[in-house]
Amino acid sequence: MYSIRTEELGKSFGRAKALDGVSFDFSAGLLHGLIGSDGAGKTTTMRLLAGLLRPSAGHIRYYLDGKERPLGEVRPVMAYMPQQASLYPDLSVAEHLEFFRELYRLSPEEYRKRSAELLEITRLGRFRERRAGQLSGGMYKKLGLMCALLQSPAALLLDEPTNGVDPISRREFWELLYGLAERKILIIVSTAYMDEAERCSRVHLLESGRLLASGEPRAVLREAGASSFEEIFIKGAAR
């Protein structure tokens, strides 16, 4: 199983510090929540972990079964779903799957098995011919997740996948994540919704590029003497 750790991770864009000496421990086989408001540093963290950005300071270390591995070895088994729209509006659900089949170089047998399973668990099977631009927000996010999962990744990075999605679709999306978590995939999901923090196995609270707290959700609340995650952020902003 894969895990990721960072040591005093920093990232600057000019004079602006997006991350300021942050140390994360994304333990293997768990569903981690990267929690924070807009501008907290969530997307920067995701892009750094995915290897799309280089750190300005600190280190990112990747591990397989406890042994450190280079990013080049980890990247093929890592899937990243960005926050912004990344699908092709004129392509149908089926055409997206075919596109990613070619991208991942899946054999016909592998593709048939995985696509059938993903269409079933996302309940998008009867929308195979619908264009991505005609999907609802929740269905669009499910299609994005399905494309990311087609390669059967061992690590999954999801940047605000439920942002702007209606409450019912948000719940359905989290049900999908729970199913994936049972397979012991390393899942890191960022969100600005405080109620989603309690859905995670571990939470990492970011505020203005700094780590406020990390740990099991109830333990974090107890240690902070807070009744909600909103309260922790309010206290952090007041310091």
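Note that the coordinates shown come from a computational prediction; the quantities given were computed from them, not determined experimentally. When reading the values below, keep in mind they use all heavy atoms of this one structure, side chains included, and skip hydrogens, waters and symmetry mates.
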Which atom of [X] lies closest to which atom of [Y], heavy atoms considered:
X      : Y      : value
Ser115 : Leu97  : CB-CD1, 4.2 Å
Asp159 : Ser190 : OD1-OG, 2.7 Å
Met146 : Leu119 : SD-N, 3.8 Å
Ser27  : Ser3   : C-CB, 4.1 Å

Is the [atom1] atom of [X] crowded by more than 12 outside heavy atoms at less than 6.0 Å?
X      : atom1 : answer
Tyr178 : OH    : yes
Gln84  : CD    : yes
Glu109 : CD    : no

Looking at side-chain heavy atoms only, is the closest gap between [X] and [Y] below 4.5 Å?
X      : Y      : result
Lys11  : Pro55  : no
Leu53  : Phe13  : yes
Leu158 : Lys141 : no
Tyr2   : Val74  : yes
Phe233 : Met194 : yes
Leu71  : Ile60  : no

Contacts table for residues 14-25: side-chain donor-acceptor under 3.5 angstrom, sequence neighbours left out:
unit_1: Asp20; atom_1: OD2; unit_2: Arg210; atom_2: NE; d: 3.2
unit_1: Asp20; atom_1: OD2; unit_2: Arg210; atom_2: NH2; d: 3.2
unit_1: Ser23; atom_1: OG; unit_2: Glu8; atom_2: N; d: 3.0

Enumerate donor-acceptor pairs with a distance under 3.5 Å from any side-chain N or O in residues 75-82 to protein atoms, sequence neighbours excluded.
none

key: Partner residues of Glu198 under the salt bridge (charged side-chain N to carboxylate O under 4.0 Å, His left out) criterion, sequence neighbours left out   = none

remark   = Across all chains, not counting sequence neighbours, the side chain to side chain donor-acceptor pair (under 3.5 Å) partners of Glu117 are Arg183

query = Which residue pairs pass the side-chain hydrogen bond (donor to acceptor under 3.5 Å, both in side chains) test when at least one of the two sits in residues 142-154, sequence neighbours left out?
reply = Arg114-Ser152, Lys142-Glu172

Distance-only check: which donor-acceptor pairs under 3.5 Å involve side-chain atoms of residues 212-224, not counting sequence neighbours?
unit_1: Ser214; atom_1: OG; unit_2: His204; atom_2: ND1; d: 2.9
unit_1: Glu216; atom_1: OE1; unit_2: Arg218; atom_2: N; d: 3.1
unit_1: Glu216; atom_1: OE1; unit_2: Ala219; atom_2: N; d: 2.9
unit_1: Glu216; atom_1: OE2; unit_2: Arg218; atom_2: N; d: 3.4

